[in-house]
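All remarks here apply to the structure that follows.
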Amino acid sequence: MSELSRRSFLKKSGMALAGMMVAPTIVPPSVFGKAAGAGHTAPSDKLNILGVGVGGRGAADLRGMETENIIGLCDCDWKYAKGVFDRYPNAKKYSDYRKMYDEMLKDADAVMVATADHTHAIIAADAIVNGKHVYVEKPMTLYPYESRLLTKLAKKHKVATQMGNQGASSAGTRQAINWLRNGEIGEVTRIESYTNRPIWPQGMAAPKEVMKVPKTMDWEAFIGPAKFRPYNSAYTPWNFRGWWDFGSGALGDMANHILQVPFRGLELGYPEAVIGSSTMLMSDACPSAQKITYRFPARDNMPKLGLPGCELTWYDGGLMPNLPLDLPEGKSFDGNGVSVLYGTKDTMVVGTYGYNPFLCSGREPEVPQLCRVVPNDHHQQDWIRACKESPENRVPCESDFAYAGPLNEMITMGVAAVRLQGLNQWLDWDGENMVFTNIPENATVRDVIEDKFSINEGHPTFDRTYTDPVNAREFAARLIKPVYRDGWTLPEMPQV
């Protein structure tokens, strides 16, 4: 072993196994001359994993990966991440992922990314082009172009990928998709979905106060590729979801959970048109509530299920669809949100993470198993399993980027539709080329920077400050493909 690096040896061993057509694709302990008892993973079989963004959701993801070696941790807020740093005392600690990559990426096999949404793409892309497997929390990216890029990079570099919408690996999701594909509810032409989010602040003006950056915070690392702004505690931790530059509101946070069953089960693909509306559209913060409707064209039929054109409507911030009121005894709606799929034979309700689906008729049909089963519904371990398989024989994860990328593209173009609502029209979408095709040439849009009013003798006087009008086509292009600030770039889109 002295003349071969660990990674090159793994690669050559995997190629040899593939050439001999040996069924197992995980390199066994015996290859390394180390015995491993039942239930024991030899050290040589473990992945070396880096974690980027570990103070929030990343902490839970890492706990699901503790069968492996957690060798490096990065978070821009060391106070927020202290508990995670303490949990893995042998891992090297960083505040800027670029420094960690410079020093440790060569020793890593895989990277877990759970930073604020606006840095998912660039951190994951840098790992993928270096041949590292990646697990990226939802939403996969903030913009459609970034999702397409990660999807193609993953295919080119043949790495194992997983988006962190953990319900995709659940038994509930499998049951719901099995019912759909077995034709149990018939053809679906209408889907309505909602969430109880946001549960963080949205719909406000940007704070004017400039606060001192805490000693435990690397503010430059948090801002990353976004336009620079002074530090304020309103932006992070967690509340980043409510700001356009860092998150995508309730839709970005929850739609990858709530819409994954209809998107996968009905193979929705690219929408052909979308329209969005919301409470007051602010220039910096996502709206308090919104409604987005997507139209999907007919798709090729499945063996037991026709796939006609359908319409999907999303609600959040307290807005609700007219849900079925006549539910089977003992059944109720998931308080976090649901998807309701209206079929020609029956109606199906699916909980937020794909959990506890039921048919409004009360039937509980037993159908063939049409989906692969993830052992113990373990989303992170399913990714680890895929990381250890050879590219030629790898079974894709349940939220592999080949699936997660198009789902997240659909969600993020819905965000763009909300921000273009001032056009007051359906927006036709060319999914292949990622462009809205029917925005009038000279149309403009603007947002509210700040909204104030006063009362004089019982009458309100509104005092709203607006952004300058901008060309709607140019604005739409920036909502699809972001413009990063100087010093931050993405790899080129590969042709695969």
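Basis for what follows: all heavy atoms, side chains included, without hydrogens, waters or symmetry-related copies. Residue indices begin at 1 and follow the sequence shown.
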Task: Full working for side-chain hydrogen bond (donor to acceptor under 3.5 Å, both in side chains) between N165 and Q260 - done: CA-CA 8 Å; N165 56 335; Q260 55 103 8; 4.9 Å; no

TODO: Let me see the working for D428 and V274 under side chain to side chain contact (heavy atoms under 4.5 Å, CB included), right down to the final yes or no.
DONE: CA-CA 7 Å; D428 294 339; V274 64; over 6 Å; no

- [ ] Before giving the answer on salt bridge (charged side-chain N to carboxylate O under 4.0 Å, His left out), spell out for E68 and K388 the whole-Å C-alpha distance, their side-chain angles and the decisive distance to 0.1 Å.
- [x] CA-CA 11 Å; E68 314 307 302; K388 295 180 179 181; 3.1 Å; yes

Task: Audit row: F246, T119, side chain to side chain contact (heavy atoms under 4.5 Å, CB included) steps and yes/no - done: CA-CA 8 Å; F246 311 131; T119 51; over 6 Å; no

- [ ] Starting from the C-alpha separation in whole Å, work towards a yes-or-no answer on ring pair (Phe, Tyr, Trp, His ring centres under 6.0 Å) for Y355 and Y353.
- [x] CA-CA 5 Å; Y355 300 162; Y353 303 98; 5.4 Å; yes

Task: Criterion ring pair (Phe, Tyr, Trp, His ring centres under 6.0 Å) on F222 and Y231, from CA distance to verdict - done: CA-CA 10 Å; F222 173 82; Y231 170 77; 8.7 Å; no

TODO: Given salt bridge (charged side-chain N to carboxylate O under 4.0 Å, His left out), test D61 with R57 step by step and report yes or no.
DONE: CA-CA 7 Å; D61 289 328; R57 175 64 194 168; 3.7 Å; yes

Open item on the list: If you apply the rule side chain to side chain contact (heavy atoms under 4.5 Å, CB included), what do you find for W243 with C286, and how did you get there?
Closed with: CA-CA 6 Å; W243 301 97; C286 309; over 6 Å; no

Task: Derivation of the side-chain hydrogen bond (donor to acceptor under 3.5 Å, both in side chains) call for D377 and S169 - done: CA-CA 5 Å; D377 297 354; S169 294; over 6 Å; no

Task: Steps toward side-chain hydrogen bond (donor to acceptor under 3.5 Å, both in side chains) verdict (N182, K304) - done: CA-CA 6 Å; N182 202 54; K304 296 184 178 181; 2.9 Å; yes

Open item on the list: Please determine whether side-chain hydrogen bond (donor to acceptor under 3.5 Å, both in side chains) holds for the pair H379 and E398, giving the CA-CA distance in whole Å, both sets of side-chain angles, and the decisive distance to 0.1 Å.
Closed with: CA-CA 8 Å; H379 203 56; E398 289 304 287; over 6 Å; no

TODO: Start with the C-alpha gap between W314 and Y194, add the side-chain angles, then the distance that decides, and say whether ring pair (Phe, Tyr, Trp, His ring centres under 6.0 Å) holds.
DONE: CA-CA 6 Å; W314 169 270; Y194 78 92; 8.6 Å; no

TODO: List the steps and the verdict of side chain to side chain contact (heavy atoms under 4.5 Å, CB included) for V188 and M348.
DONE: CA-CA 10 Å; V188 177; M348 182 169 69; over 6 Å; no

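The neighbour count for K93 NZ, taken as heavy atoms of other residues, nucleotides or ligands under 6.0 Å away, is above 12. Summarising the local packing, CD of Q369 is surrounded by more than 12 heavy atoms from other residues, nucleotides or ligands at distances under 6.0 Å.
Proximity of a side-chain donor or acceptor of R385 to a complementary backbone N or O of V395 within less than 3.5 Å is detected. A side-chain donor-acceptor contact under 3.5 Å links Q202 to the backbone of P287. Within the 3.5 Å criterion, the main-chain N or O of A171 finds no donor-acceptor partner in the side chain of Q175. Under a 3.5 Å cut-off, the side chain of R98 and the backbone N or O of A221 do not form any donor-acceptor pair. The backbone N or O of N336 lies less than 3.5 Å from a partner atom in the side chain of T195, making a donor-acceptor pair. Judged by distance alone, the side chain of D75 and the main-chain N or O of G55 form a donor-acceptor pair under 3.5 Å. Counting only distance, with no hydrogens or angles, the side chain of H118 and the backbone of I223 share a donor-acceptor pair below 3.5 Å. Remark: the backbone N or O of G224 is paired with a side-chain donor or acceptor of R485 at under 3.5 angstrom. Of the possible polar contacts, one joining the R299 side chain to the P297 backbone as a donor-acceptor pair under 3.5 Å is found. Judged purely by atom type and a 3.5 angstrom limit, R174 has no side-chain atom pairing as donor or acceptor with the backbone of C371.
The pair E311-R295 meets the salt-bridge criterion, with a side-chain N (NZ, NE, NH1 or NH2) lying under 4.0 Å from an Asp/Glu carboxylate O. Between E66 and K46, none of the side-chain N atoms (NZ, or NE/NH1/NH2) sits under 4.0 Å from a carboxylate O, so this pair counts as no salt bridge. A salt bridge between K138 and D117 is absent, with no side-chain N of the basic residue lying under 4.0 Å from a carboxylate O of the acidic one. Salt bridge present: R241 and D253 bring a charged side-chain N and a carboxylate O closer than 4.0 Å.
Side chains of E192 and S339: no donor on one and acceptor on the other come within 3.5 Å. At a cut-off of 3.5 Å, with distance as the only test, a side-chain donor of N69 or N48 sits close to an acceptor on the other residue. D430 and T437 form no side-chain donor-acceptor contact under 3.5 Å, judged by distance and modelled atom types alone. With 3.5 Å as the limit, one finds a donor-acceptor pair spanning the side chains of Y94 and E103. E137 and H120 are not linked by any side-chain donor-acceptor pair at a separation below 3.5 angstrom, with hydrogens and angles left out of the test. Between E272 and Y294, the side chains place no donor N or O within less than 3.5 Å of an acceptor N or O (distance only, hydrogens not considered). Remark: the N408 side chain and the T141 side chain contain an N/O donor-acceptor pair separated by less than 3.5 Å.
To the nearest 0.5 Å, atoms CE (M493) and CG (L490) are separated by 9.0 Å. Atom-to-atom distance recorded for M163:CE and T161:OG1 is 10.0 Å, nearest 0.5 angstrom. Between the CD1 atom in I49 and the CG atom in D109 there is a gap of 8.0 Å [rounded to 0.5 Å]. Note: L268 CG to L307 CG = 8.5 Å, rounded to the nearest 0.5 Å. We find the NZ-CG distance between K82 and D77 to be 13.0 Å, quoted to the nearest 0.5 Å. Here the CG-NZ distance, from D245 to K227, works out to 8.0 Å after rounding to the nearest 0.5 Å.
Considering only heavy atoms from C-beta on, L142 stays 4.5 Å or farther from T412 through its side chain. You'll find the side chain of L479 stays beyond 4.5 Å of the side chain of V415, heavy atoms only. The side-chain heavy atoms of L341 and V350, taken from C-beta on, include a pair separated by under 4.5 Å. Contact check for V113 versus Y135: no side-chain heavy atoms found under the 4.5 Å cut-off. Between V418 and I292 the shortest side-chain heavy-atom distance falls below 4.5 Å.
Partners of D126 under the side-chain hydrogen bond (donor to acceptor under 3.5 Å, both in side chains) rule, at least two apart in sequence or in another chain, are Y97.
Between F85 and W78, the ring planes are perpendicular. Angles over 60° get that label, and only those under 30° would be called parallel. Classification of the W200-W238 ring pair by plane angle, with boundaries at 30° and 60°, yields perpendicular.
Stacking of R229 on the aromatic ring of Y235 is recorded, both the 6.0 Å distance cut-off and the 45° axial limit being met.
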